[in-house]
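Since this is a predicted model, take the numbers as computed values, not measurements. Sequential numbering from 1 along the given sequence is applied to the chain's residues.
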Amino acid sequence: MSFSLTPWQMLGLVLISGLLWMNYVRSKDRHQPEPRRRLLLAFILGIVAYLLAAVSYEVIETLGVPPIRMNERPWTAFYCFGIVGPLEEGAKVLLAALFIFRWREYDEPVDGFVYAATLALGFACAENVYGTGSIGWQWQLAHTVATPFVHLLFSAIWRLGIAHAHFCVSRGSRRILWQGGSVLLAMAAHGLHDFLIFAYQAALATGALALILWGLLMWRLGLLSKRAARPAA
C-alpha cells in the first residue's frame with residue numbers, strides 16, 4: 001500500500017536532515033566558529049534565495065517558456081544548463097553578495113564554506129518543504145536526504161573559489177577569473193546534475209560524480225582549515 005507523508009511528517013524529516021547537515025558544516029570550522037545568529041541569518045537568506053528562484057520560475061512559465069520535457073533531451077539540456085543552474089546558483093550568489101560577503105565575521109577562507117553551506121541548507125530545506133508533496137514517501141525521503149547534499153556541493157564550488165580570490169589573490173584579472181569561473185563552474189555542475197537525472201535517470205552516476213567532487217572540495221577545505229589554524233609567525 002502506497003502513501004504520502006503528512007505535511008508535519010515531511011517538515012520533521014526536513015528539520016532533522018537540516019540539523020544533521022548543519023552539525024556537519026559547523027564541524028568544519030573549529031578554529032574560529034561563526035556566531036549562531038549569523039548562521040541563522042545565512043539559513044534564512046537561503047530560504048529567501050529559494051523564494052526568489054521560485055518566483056523567477058513562475059515568471060519564466062508565464063512568459064511561455066515550457067518546462068523540462070523528459071522525452072526531448074535537447075530542450076532538457078537547454079533548460080538545465082541555461083535556466084536551472086544559472087537561476088538557482090545565481091539566486092544564492094546574489095544573496096551572499098548582498099549580505100554575507102559584507103559581514104565582518106567573514107574573515108577567513110573557511111568561513112566562505114560555512115556561510116555558503118548554511119545558505120544552501122536554507123535553500124534545500126525550503127525546496128524540500130515546497131517541492132515534494134505530490135510524490136511517494138520513498139521519493140520524499142530520498143529527496144529530503146539528497147537535496148541538501150547536492151546544494152551544499154554546488155554552493156561549495158563557488159564559495160571556495162570566491163573565498164580563495166578574496167583572501168589569496170591580489171586585485172586584478174586573476175581575481176575576477178577565480179570569482180566568475182567558480183560561479184560558472186557551479187552553475188554548469190548544477191545543470192549537468194539535473195540533466196543526467198531528468199534525461200537519463202542516472203541517479204547512481206550522478207551520485208558517484210557528486211561524491212568524487214565532494215571529496216576533492218573537502219580536501220581543499222582541509223588545507224584551508226589547517227592554514228587558518230597555524231599560529232601567525
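To the nearest 0.5 Å, atoms CZ (Phe123) and CZ (Phe154) are separated by 11.0 Å. With rounding to the nearest 0.5 Å, the separation of CG in Leu45 from CG in Leu94 is 10.5 Å. Interatomic distance, Ile100 CD1 to Leu119 CG, rounded to the nearest 0.5 Å: 4.5 Å. If you take OH on Tyr50 and SG on Cys125, they are separated by 12.0 Å, rounding to the nearest 0.5 Å. Leu211 CG to Leu153 CG: the interatomic distance, rounded to the nearest 0.5 Å, is 9.0 Å. The CD1 atom of Ile44 sits 11.5 Å away from atom OG1 of Thr118, with the distance rounded to the nearest 0.5 Å.
At a threshold of 4.5 Å between non-hydrogen side-chain atoms, the residues Leu87 and Tyr57 count as touching. Inter-residue side-chain proximity for Trp178 and His166 is flagged as unmet; no heavy-atom pair is nearer than 4.5 Å. Residues Thr76 and Cys80 meet the side-chain proximity criterion, which asks for heavy atoms closer than 4.5 Å. Between Trp158 and Gln179, every side-chain heavy-atom pair lies at or beyond the 4.5 Å cut-off. The closest side-chain heavy-atom distance from Phe78 to Ile83 is below 4.5 Å.
Closest of all the heavy-atom pairs between Gly122 and Ile47 is O-CG1, 3.6 Å. Smallest separation of non-hydrogen atoms from Ala116 and Ser155: O-CB, 3.9 Å. Considering every non-hydrogen atom in both Val114 and Glu34, the closest pair reads CG1-CG, 4.1 Å.
Using cut-offs of 30° and 60° on the angle between ring planes, the pair Tyr115 and Trp103 is perpendicular. Note: His190 and His151 have perpendicular aromatic rings, judged against thresholds of 30 and 60 degrees for the angle between ring planes.
The salt bridge (charged side-chain N to carboxylate O under 4.0 Å, His left out) test applied to Glu105 returns Arg37, Arg38, not counting sequence neighbours. In this structure Arg73 satisfies the side-chain hydrogen bond (donor to acceptor under 3.5 Å, both in side chains) test with no other residue, sequence neighbours excluded. Shown here are the salt bridge (charged side-chain N to carboxylate O under 4.0 Å, His left out) partners of Glu88, two or more places apart in sequence or in another chain: there are none. Listed by chain and number, the residues in a side-chain hydrogen bond (donor to acceptor under 3.5 Å, both in side chains) with Tyr79 amount to none (sequence neighbours excluded).
Placement of Leu192 and Trp75 in two distinct hydrophobic clusters is found when ILVMFWY residues are connected by side-chain heavy-atom separations under 4.5 Å, directly or transitively. Linking ILVMFWY residues whenever their side-chain heavy atoms come closer than 4.5 Å, directly or via other members, leaves Val93 and Val169 in distinct clusters. Under the 4.5 Å side-chain heavy-atom criterion for Ile, Leu, Val, Met, Phe, Trp and Tyr, Ile176 and Val183 are members of distinct hydrophobic clusters. Put simply, Ile212 and Trp219 are part of two different groups of oily side chains (I, L, V, M, F, W, Y) that touch within less than 4.5 Å, one to the next. Phe81 is not connected to Ile157 by any chain of hydrophobic side-chain contacts under 4.5 Å among Ile, Leu, Val, Met, Phe, Trp and Tyr, and they are in different clusters.
The number of heavy atoms from other shown groups lying within 6.0 Å of CD (Glu72) is above 12.
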Exercise answer: donor-acceptor pairs, residues 197-210 side-chain atoms, under 3.5 Å, sequence neighbours excluded:
residue : atom : partner : partner atom : Å
Gln201  : NE2  : Phe198  : O            : 3.0
Thr206  : OG1  : Ala202  : O            : 3.0
Thr206  : OG1  : Ala203  : O            : 2.9

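Cluster partners of Val55, by chain and number: Val59, Leu63. The rule joins Ile, Leu, Val, Met, Phe, Trp and Tyr whenever side-chain heavy atoms lie under 4.5 Å apart.
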